[in-house]
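First up is the structure itself, then whatever we jot down about it.
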Amino acid sequence: MTELPLSGITVVSVEQAVAAPFATRQLADLGARVIKVERPGEGDFARRYDTTVQGQSSYFVWLNRSKESLTLDLKAPRGREILEQLLAGADVFVQNLAPGAAARLDLDAASLVARHSRLIPCTISGYGTTGPWADRKAYDLLVQCQTGLVSLTGTAGETARAGVSVADIAAGMYAYSGVLTSLYTRAVSGVARPVEVSLFEALAEWMNQPAYYTRFSGTQPPRLGTQHATIAPYGAYPAADGQEVLFSIQNEREWAALCEQFLKRPDLVDDPRFATGPDRVAHRDALNALVAERFRQLDSREAEELLDAAGIANAGVNDVAQFLDHPVLRERNRWRDVRIPGGTVPALLPPVDLAGTGHRMDPVPAVGEHTASILAELGHGAADIERLRADHVV
């Protein structure tokens, strides 16, 4: 296999939960060496979120393949000495510690840059390291609430959280791209620039469209389940066999095709109630009644075939089990076996394919699995490692 793009880059991460581990796992996917610093004995608390994957946490298995686990008590002086040894040879340091913890440990960006001029510190926080909420703890659902996302998700009668950790994922993605950008900047200018991302500001970026809509319309988009606030028809409709089919109309060509080929109502193309996108939204209820009636005349396969023939994108509403057996993943060979403590599980390849390179899909580590080998690499002898274990430093 061709050498991966980040081969030779070393990342040290004092990480927990989702956001920082997601950022560093993506760096590991590209070939970076990621040394994950965990608490002695217990490790990252995400290891205990559940036990569904052959006794391991589904979150931890997803986020931590291809990493090395080093247990280290960062409050112990010798633990700090070992971390400093690691940082002296590292390219990137990632942390998502609780508010104020990094500064107390002298691991804030300013302190790190002063000691290690080529190190790129990456800080992931809840609401930023400055400002009125710098000291507040945050987790995904709190941030979904604070950004207004929960107020947009669900139905008219009930709000709902997004079904995956979108604030954490957004922050992890921006941290990952920020680190890549800083690595590039260092390569061309020699300057290592710290990276900072907050869960709140990452998800705030994703809220821009409803924010513009609300600011300039005077009212926020309504909660409409699978329907869309500014596009109609758009949503999932039950067919005669009880299966739902989702589709949307994106332009006037598709609207004409829907009327003529699917609804079998060419007269609706020029109906003034539905002449433009805003007209169709304004008369959503009447339009939905027409569409729903047509779906009741067809089973889901017939509906999908007619929509395909009309050139209108559509999809059945899969559950997770159906997603796992999706023909796109199967036929494109997107699953690989990855070892975890005590077994092997299928894992999805990273979504970005780089021509001429492969994918790194190394094992998920047990707590402290690489402690002895990393310490030996740093020059610690067997007797010293045993003393560190006995003193609960590692």
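Start at 1 with the first residue, then count along the sequence. Only a predicted model underlies this, so the values are computations on that prediction, with no experimental measurement involved.
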Please list all pairs passing the ring pair (Phe, Tyr, Trp, His ring centres under 6.0 Å) test where one or both residues lie in residues 8-27, with sequence neighbours left out. F22-W62
Rounded to the nearest 0.5 Å, what separates atom NE2 in H359 from atom CG in L354? 7.0 Å
Nearest 0.5 Å, please: how far is CG in L112 from CD in E84? 7.0 Å
Name all residues meeting the side-chain hydrogen bond (donor to acceptor under 3.5 Å, both in side chains) criterion together with Y234; count only those two or more places apart in sequence or in a different chain, and write none if there are none. none
Do the charged groups of R65 and D29 touch, with an N to O distance under 4.0 Å? yes
Donor-acceptor contact below 3.5 Å, side chain R280 vs main chain F274: yes
Verify same cluster id: V11, I35 (apolar side-chain graph, 4.5 Å): no
Is there side-chain contact between R265 and L258, with heavy atoms separated by less than 4.5 Å? no
Do K67 and E15 sit within salt-bridge range, that is, some charged N less than 4.0 Å from a carboxylate O? yes
Not counting sequence neighbours, which residues clear side-chain hydrogen bond (donor to acceptor under 3.5 Å, both in side chains) with Q56? List them please. none
By salt bridge (charged side-chain N to carboxylate O under 4.0 Å, His left out), R387 pairs with (sequence neighbours left out) D384
Should the pair D279-R273 be classified as a salt bridge under the 4.0 Å nitrogen-to-oxygen rule? no
E42 meets the salt bridge (charged side-chain N to carboxylate O under 4.0 Å, His left out) criterion, sequence neighbours left out, with R48
When rounded to the nearest 0.5 Å, the distance separating CG of L199 from CG of L142 is 10.0 Å
Using only heavy-atom distances, determine whether the side chains of N64 and Y59 contain a donor-acceptor pair under 3.5 Å. no
Distance in Å, D391 CG paired with D73 CG, rounded so as to fall on 0.5 Å steps: 10.5 Å
So that I can tick it off, tell me whether R223 and E158 are bridged by a salt bridge, with the cut-off set at under 4.0 angstrom between side-chain N and carboxylate O. no
Apart from V281 itself, its cluster of hydrophobic side chains linked below 4.5 Å comprises none
H380 and Q85: side-chain donor and acceptor closer than 3.5 Å? yes
Residues D325 and R330 bridged, charged N to O under 4.0 Å: yes
Set of salt bridge (charged side-chain N to carboxylate O under 4.0 Å, His left out) partners for D337, sequence neighbours left out: none
Going by the rule ring pair (Phe, Tyr, Trp, His ring centres under 6.0 Å), which residues pair with F93 if we only count those two or more places apart in sequence or in a different chain? none
Without swapping roles, check the side chain of R334 against the backbone of P350 for a donor-acceptor pair under 3.5 Å. yes
Are side-chain N/O atoms of S69 and E369 paired as donor and acceptor at under 3.5 Å? no
Parallel, tilted or perpendicular: rings of F247 and F262 (30°, 60°): tilted
Which pairs with one or both residues in residues 128-166 pass ring pair (Phe, Tyr, Trp, His ring centres under 6.0 Å), sequence neighbours excluded? Y127-W133
My understanding is that only residues two or more places apart in sequence, or in another chain, count here; which of them pass ring pair (Phe, Tyr, Trp, His ring centres under 6.0 Å) with H326? none
Going by atom types only, do R301 and Q243 share a side-chain donor-acceptor pair under 3.5 Å? no
Does the salt bridge (charged side-chain N to carboxylate O under 4.0 Å, His left out) test come out yes or no for D106 and R115, once each step is laid out? CA-CA 10 Å; D106 214 21; R115 298 198 303 275; 3.1 Å; yes
Using a 3.5 Å distance criterion without hydrogens, assess whether the side chain of Q95 forms a donor-acceptor pair with backbone atoms of L107. no
Expected list for residues 201-211: side-chain donor-acceptor pairs under 3.5 angstrom, two or more places apart:
residue	atom	partner	partner atom	Å
E201	OE1	S198	OG	3.2
E205	OE1	N208	ND2	3.4
W206	NE1	Y174	OH	3.2
N208	ND2	E205	O	3.1

Suppose the criterion is ring pair (Phe, Tyr, Trp, His ring centres under 6.0 Å): which pairs have a residue in residues 142-169, not counting sequence neighbours? none
